[in-house]
Amino acid sequence: MVESNDDLIIGGHHFSSRFILGSGKYSYELIDSAIHHAGAQIITMALRRTSTSEENILNYIPDDVTILPNTSGSKNAEEAIRMARIARELSGSDFIKLEVVPDSTYLLPDNEETIKATKVLADEGFIVMPYMLPDLNAARKLVEAGAAAVMPLGAPIGTNKGLATKELIQILINEIDEPIIVDAGIGRPSQAAEAMEMGAAAVMANTAMATAGDIPLMSEAFKLAVEAGRKGYLAHPGRVLDKKAAASSPVSGISK
Amino acid sequence: MIILNGEETANMAGKTLADLLQEKTDMMQNVVVELNGKIMHREELEKQTLSENDHVELISFVGGG
């Protein structure tokens with residue numbers, strides 16, 4: 001566990017874990033184990049029409065875990081705002097992972113509509129965590145609109161491709177004061193570690209777990225990777241030599 | 001006839017939202033009711049009666065990223 005003085009703080013709420021776990025695409029039976037192995041304190045969920053064949057996911061979520069509802073399925077600001085209000089009625093909490101995704105092929109978010117929805121929801125007291133295409137100007141507008149964190153995508157949702165947008169995410173980390181949480185596309189523990197080492201405040205992943213051969217074990221691997229990356233960031237990684245090499249062992253006193 | 005989650009549903013007009021929930025789901029704590037686009041709070045469910053052509057959405061948390 002990372003030291004308590006290194007908490008992730010979102011909208012005034014403290015979390016010692018910097019790994020946000022998704023709950024999609026795997027059996028509810030595995031959720032408790034995945035949360036436990038991930039050490040996750042935040043878990044995302046979607047909202048859909050009530051189905052008589054669906055089990056109640058809330059029965060599988062430990063009481064001390066914060067539910068982060070998403071607005072997936074929303075194609076514009078208006079739909080996302082409606083979804084967020086429904087989510088708050090259900091969860092009783094102000095946290096919302098704002099997703100406005102009009103594009104069904106690449107599932108890319110609409111930054112402009114997301115900024116609009118962020119403004120409305122932040123004014124209503126929501127703790128808005130918008131999913132976005134990494135762009136510094138849009139990120140600034142999201143913060144101005146009241147976002148509590150900014151969640152740029154590493155790669156398109158569900159692809160496990162990793163940090164395809166690495167350079168752009170680094171710019172957000174450098175320039176935005178609110179937590180930058182890398183969301184979407186992170187498919188390997190090494191990619192999660194890399195994001196954290198870059199200075200991301202947290203990583204969110206779902207498909208990486210859901211498509212792994214062993215979901216609890218992969219959840220644990222992610223937990224360790226996020227912690228390792230965070231510590232690496234806090235430790236200030238050493239310099240890179242562009243040319244030649246630098247011996248690590250003494251260059252004198254070599255026995256011949 | 002009411003429209004329940006997009007489908008025409010008979011024999012519901014005159015009943016309360018609480019009756020509807022009783023019939024349609026066994027996970028009360030994981031359902032929000034929207035009646036004609038308005039979110040209904042829990043305490044309203046017993047009192048609110050359904051009328052012909054009402055649009056009702058029942059929405060729940062499911063697994064998702």
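A, B, ... follow the sequence lines: proteins, then strands. Residue 1 opens every chain.
Here A/I86 contributes atom CD1 and B/I59 contributes atom CD1; the two are 3.5 Å apart, rounded to the nearest 0.5 Å. Of the inter-residue distances, the one linking A/S51 atom OG with B/M27 atom CE reads 7.0 Å to the nearest 0.5 angstrom.
Only the side chain of B/E34 has a heavy atom closer than 4.5 Å to any heavy atom of chain A. In this structure, chain B has no heavy atom under 4.5 Å from any part of A/T207. Only the side chain of A/I67 comes within less than 4.5 Å of a heavy atom in chain B; its backbone stays farther off. With a 4.5 angstrom heavy-atom cutoff, A/E55 touches chain B only via backbone atoms. In this structure, no portion of A/D183 lies under 4.5 Å from any heavy atom of chain B. Proximity to chain B is absent for every atom of A/Y131, based on heavy atoms less than 4.5 angstrom apart. Only the backbone of B/M40 comes within contact range of chain A, judged by heavy atoms closer than 4.5 Å. Only the side chain of A/M204 comes within less than 4.5 Å of a heavy atom of chain B; its backbone N, CA, C and O stay farther away.
More than 12 heavy atoms of other residues, nucleotides or ligands shown are found within 6.0 angstrom of CD on B/E43.
Of all the listed residues (A/S23, A/G24, A/G158), the one sharing the greatest number of non-hydrogen pairs under 4.5 Å with chain B is A/S23. Between chain B and the options A/L68, A/N206, A/L90, A/I157, the largest number of non-hydrogen pairs under 4.5 Å is found for A/L90. Ranked by non-hydrogen atom pairs under 4.5 Å with chain B, the options A/K25, A/E89, A/R85 are led by A/E89. In terms of heavy-atom pairs under 4.5 Å with chain B, the best-connected choice from A/A87, A/A184, A/A46 is A/A46.
A 4.5 Å side-chain heavy-atom check between A/N56 and B/Q29 finds at least one atom pair inside the cut-off. The side-chain heavy atoms of B/F61 and A/S91, taken from C-beta on, include a pair separated by under 4.5 Å. Within the 4.5 Å cutoff, the side chain of B/I39 has no heavy atoms near those of the A/R82 side chain. Put simply, the side chain of A/E54 reaches to within 4.5 Å of the side chain of B/V62, judged on heavy atoms.
Listed by sequence position, A/P69, A/N70 are the residues of residues 69-80 of chain A in contact with chain B, using a 4.5 angstrom heavy-atom cutoff.
Results of the side chain to side chain contact (heavy atoms under 4.5 Å, CB included) test with A/R49 over B/L4, B/L58, B/N5 single out B/N5 as the only residue that passes.
In this structure, B/G63 and A/Y28 approach most closely via the heavy-atom pair N-OH, 3.1 Å.
Side-chain N or O atoms of A/T50 include none that pairs as donor or acceptor with a backbone N or O of B/V31 at under 3.5 Å. Side chain of A/K97 to main chain of B/G65: a donor-acceptor pair is present (N/O by atom type, distance under 3.5 Å, no hydrogens or angles).
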Chi angles and distances behind the side-chain contact (heavy atoms from CB on, under 4.5 Å) call for A/I57, B/N30:
CA-CA 8 Å; A/I57 191 172; B/N30 185 15; 4.2 Å; yes
Name each donor-acceptor pair under 3.5 Å that joins a side chain in residues 186-195 of chain A to protein atoms two or more places apart or in another chain, with its distance.
residue	atom	partner	partner atom	Å
A/Q191	OE1	A/G187	N	2.7
A/Q191	OE1	A/R188	N	2.9
A/E194	OE2	A/K166	NZ	2.7

